[in-house]
Structures are given as structure tokens and as C-alpha cells.
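Counting from 1, the numbers follow the sequence of the chain as shown.
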Amino acid sequence: FWAPAMDDPYAAAFAGGRFNASAVSASSLPPLLGMQSLISPLPVRDGGPLIGYNAPQDDPYAEELEKEILARQRRLEQLQMQVQHTQGQLVKESQFYRSAEEERKAKAAEMARQREERDAELKRLEEQARAVASRPARSRSRRRVPSPPPRRERVLVSRRSSRSRRRRSPPRRSPPPREVSLKPANRSEPPSRFAAGPPPPRGGRMAIDDRGPRHGPPHAPQGADLPCEFDRAGLVRVALANTNLSKTSNGRDAAQDIARFLDLQGYRRHPRNPVIAGCVDLSNSAAVDGALEAILVVLTDYNVQPKIWKLQKNSITERGGEALAKFTEALEHPYSELHISHNRLGEDGIKALLRAMKRNRYFPPINRPVWFRGEYNDFGDGSRLMARLERDDIKFCTPVPNLSREECNRRMFDTRRREPLVMLHPSFFRS
């Protein structure tokens, strides 16, 4: 601490350890204020001046001291407000953590209860299985079927003698089966469904009903003049290859024969479930657009879904290609093969077919692209055609030499994206 000397004129100002403003002159106040600030902190009151000090009017430090005191008071109030805010935040966080802890405990109790219930259920099932296993085994002998009652015998009493003799009644004979004629009286008019008698009984390996795809072995006699049959897998096969379909009337007659065959098998027009056809073969039959359109109308009426189309070596033009594209777009079962080479579809017909397959969400099949034989159709350069179709997101591939088609399908087909759409023969790009 500072100790004044004996001859110090300012010593009287600090007599008794307190500052006395009346003991010094006004000119000595500034250095004394500096010494007072060094000796002890300035006592303050709430918003008031220094205690024990009356600042003169010409003191240059009084205003600065008042400002500093007010600034410190405002800072203290701000700190107090921050402390109160922090305390409020701590209270909220404690409440949040307390509620979260209670919720966690409730979840843990619920899981424990469920675990106990599950264990009790497992224990009950084990006891039930143990009780069933401890039962004595039942006898596996077949249940006896009661024999039918003996046949009654008719007693015939002769009028000539009194003796009675027993004679068995003759067995009843069923009437002979009704013969069914398969040839229609007039070929130009389609026969009625019940023209050849009542419909055949349903049965066989897969009955004809409304619960699934209708296919199976034949359920009625087939006529030799009908162009349809059942293959080994029990699917309908339309065999019109190497026939004469060069006129529209011939195509209508063939369509009537297909409808008559489907009627004889019990298939209905406009059914809810499709008729799965293994193959529709019209190859090398000189088929024209009208004949193809007539056959497509019948297939649409009976909801026939062919797996393989064979239309190669015919006279089908762009009009027939558009009709086939419209039929393809409405299918629910995709083609596995489409043979339409050696025709006159042109570039527009090929585009219509491929775009119809692309628009149908069921194309291509799940595990392979469609084997598309569309070469020799008067469309020019196949590479340029497929480059234009790639703009419509139509992907294609070609088989690898010295590999089977099944192996190429396994290597090239992406089952997740279901690409590519079609597999083209290499001659498609040379036609």
C-alpha cells in the first residue's frame, strides 16, 4: 500500500483511511482520484454517483466514471438475464430427458411383457406337442366299407303249377350313345355351339373353368376337317401352314373353323380368362391382310394368347402388320417367338410391331427376349432401322455364333431390367 510522507500536502485527505474532499483543493483532485482508484475500488450505489465524493463542475473524469458505472450495471443485468435464460433451458432439458427416460422404461416394460407372453405361448405349444407325441399311435387299417345290400329277386309264380320258381330280373341296358356329326350343313354359316348336341363333360388334366388359364387335353371328339389340335403339352395349336389363304374368304372360312373347334371344346366367347395357345402356324400359306384380320378377330373374341406366331413366307403388308400390332398390345401373355419374315411389311410395319411390344408391360417374357424373325420385309438397311428404334428405348441383341439360343439368353438378358426386348437374327441386318 501507499504511505504518504510527513510533508505530503495530500496526507490530510486520507486521514482515518477515508478520502476527505474538504481537506484538499480542487486542483489536486485528479491525481488523488487516480491514487484512490489504485488503493481501493470505487464504491457505487444504484444509478448514483460515488459515495463520499462530490465531483466539482469542472472535473473531466466524472462523466467518464458515470458512463463506466452505468455500462457495468447494464452488463451485470445482461449477465443476470443470461443466467436466468440458461436456468430455464436447463429446466426444459431436464424435463425432456426425464420424459424420454420414462418413455424408454415404458417401452422396456412392454417388450418384457411381450417376451413373457411369447415364452408362455412357446411353452404351451411345446407341452401340447409333447402331449400329442405321448398319445398311442392310431391303427392305420382301412375303414371297412359296408357291402351293398343284396339285389332283390323277383318271384314269379306259374299259373299252371303251384310250385314257385325264382328268376332274376334282367339287367337294365343303357341306351346307345348318341352319334355326333362334326360336319356343318352349310360351311358359309358358323355352326351354333349346341348344333352337335350338348356340350362335352368338363374334366381331364385341367378342367375348363374361370379360375385360371384354360388348357388341357381335348374334351370332345375332334373332326379331321378342323385346322386345330392339342399339342403334347395340352395347349391349343392352330395348324394352317401350307394352306391357301390368298383370299379373304378363305381366311374367314379358316376363322370359322377355329371358332367351331373352340366351341366344341367348351370355350366361350369373350371369356374372363385367356386360352393359352402353343402355336398359331400360318406359314407358307400365301396369307393376305384380310385373312389375317379375320383370324385375329376370332382369336380376340375367345381371348386366345399364342406363345409362338409363325407368319413367314406370306403376303402380309403394312396393314396386316398394324392389325397384328394392335392384337399384340392387348395381350396378357407375351410371345416367346414371332416369325414374320419374307413378307411385305415395310419399315412402318416393323416399327408398329416393335413399338406395340414396347408399350405392352407384359413384354418381354421373364427370362428371355422375344425371338423376332422380321428380315426380308422391304425395309432397307436393318442397322439404320434399329438405330431409329433405339431412340424409343427399344433394346435388341443378336445371337453369338456357335452358341445355342438358350445360352445366349442366359448371357445377354438382364432379368432385373427385362432387357433387351427382342433378339434379331443376323440376316435382319443383311436384308
Side-chain angles (χ1 to χ4, degrees), residues 190-193 199-200 202 204-220 222-223 225-241 243 245 248 250-283 285 287 289-312 314 316 320-340 353 356-357 360-365 370-371:
S192 174
R193 179 181 177 184
R202 297 181 180 182
R205 185 168 50 194
M206 179 174 289
I208 305 172
D209 55 11
D210 294 335
R211 292 175 294 178
R214 299 166 298 157
H215 59 272
H219 307 290
Q222 303 178 22
D225 58 335
L226 297 180
C228 301
E229 59 185 2
F230 286 93
D231 56 11
R232 294 182 179 179
L235 303 179
V236 177
R237 183 176 184 273
V238 179
L240 289 171
T243 58
L245 299 178
T248 304
N250 297 345
R252 291 173 182 171
D253 295 342
Q256 291 176 6
D257 291 340
I258 296 173
R260 183 163 171 263
F261 174 82
L262 296 174
D263 283 334
L264 288 176
Q265 303 307 318
Y267 299 132
R268 299 191 301 271
R269 288 180 180 268
H270 307 288
R272 288 181 296 176
N273 296 312
V275 180
I276 306 300
C279 179
V280 178
D281 191 359
L282 306 180
S283 59
S285 58
D289 297 334
L292 178 61
E293 289 173 353
I295 293 174
L296 289 177
V297 168
V298 172
L299 298 183
T300 304
D301 288 345
Y302 288 87
N303 199 5
V304 178
Q305 309 273 334
K307 289 187 173 182
I308 300 175
W309 265 106
K310 292 186 178 181
L311 297 169
Q312 65 269 23
N314 287 306
I316 302 173
E322 291 178 354
L324 183 60
K326 185 178 179 180
F327 175 81
T328 302
E329 192 172 355
L331 291 176
E332 298 178 2
H333 294 265
Y335 304 144
S336 60
E337 299 178 14
L338 176 57
H339 302 261
I340 199 168
L353 282 175
M357 293 183 195
N360 192 333
R361 62 188 181 93
Y362 297 104
F363 278 81
V370 180
W371 176 240

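The side chain to side chain contact (heavy atoms under 4.5 Å, CB included) search around Ala241 returns Asp281, Ser283, not counting sequence neighbours. With sequence neighbours left out, Asp289 forms a salt bridge (charged side-chain N to carboxylate O under 4.0 Å, His left out) with no residue at all. Thr248 meets the side chain to side chain contact (heavy atoms under 4.5 Å, CB included) test with Arg252, Val288; sequence neighbours excluded. The side chain to side chain contact (heavy atoms under 4.5 Å, CB included) search around Glu293 returns Arg319, Ala323, not counting sequence neighbours. Take Trp371 and apply the side chain to side chain donor-acceptor pair (under 3.5 Å) test, not counting sequence neighbours, and it matches no residue. The salt bridge (charged side-chain N to carboxylate O under 4.0 Å, His left out) check on Glu329 picks up Arg359, with sequence neighbours excluded. Applying the side chain to side chain donor-acceptor pair (under 3.5 Å) rule to Glu322 yields no partners; only residues at least two apart in sequence or on another chain are considered. Contacts of Phe363 classified as ring-ring contact (aromatic ring centres under 6.0 Å, His included), with partners at least two apart in sequence or in another chain: Tyr335.
Side-chain N or O atoms of Glu229 include none that pairs as donor or acceptor with a backbone N or O of Ala239 at under 3.5 Å. Not one N or O on the side chain of Asn250 forms a donor-acceptor pair closer than 3.5 Å with the backbone of Ala291.
The only member of Thr300, Val238, Leu282 that meets side chain to side chain contact (heavy atoms under 4.5 Å, CB included) when paired with Ile295 is Leu282.
Atom NE2 in His333 sits 8.0 Å away from atom CG in Asn303 (nearest 0.5 Å). Atoms CZ and CG, on Arg268 and Asn273 in that order, are 8.5 Å from each other to the nearest 0.5 Å. Summarising the geometry, atom CZ belonging to Phe327 is positioned 9.5 Å from atom CG belonging to Leu292; distances are rounded to the nearest 0.5 Å. Between Lys307 atom NZ and Cys279 atom SG the span is 11.5 Å, to the nearest 0.5 Å. Between atom CE of residue Met357 and atom CG of residue Leu331 there is a gap of 9.5 Å, rounded to the nearest 0.5 Å.
Across Leu235 and Gly278, no two heavy atoms sit closer than the pair CB-N, 3.6 Å. Among all heavy-atom pairs drawn from Pro306 and Trp309, the shortest one is CG-NE1, 3.2 Å. Taking both residues in full, the closest heavy atoms of Ile316 and Gly321 are given as CG2-N, 4.1 Å, listed atom of the first, atom of the second, then distance. Across Ser285 and Asn314, no two heavy atoms sit closer than the pair N-OD1, 3.0 Å. Minimum heavy-atom separation, Ala255 to Ala294: CB-O, 3.6 Å. The nearest pair of heavy atoms linking Ala325 to Ala356 is O-CB, 3.4 Å.
Side-chain N/O atoms of Tyr302 and Asp263 include a donor and acceptor closer than 3.5 Å.
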Verify side-chain contact (heavy atoms from CB on, under 4.5 Å) between Gln265 and Val236, making sure each step is shown before the conclusion. CA-CA 10 Å; Gln265 303 307 318; Val236 177; over 6 Å; no
Working for side-chain contact (heavy atoms from CB on, under 4.5 Å), residues Leu311 and Leu324: CA-CA 11 Å; Leu311 297 169; Leu324 183 60; 3.7 Å; yes
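Counting only heavy atoms from C-beta outward, the side chains of Val304 and Ile258 never approach each other to under 4.5 Å. Counting heavy atoms from C-beta outward, Asp301 and Leu262 have side chains that stay 4.5 Å or more apart. Looking at heavy atoms from C-beta onward, Pro364 lies out of side-chain contact with Pro334 at the 4.5 angstrom threshold.
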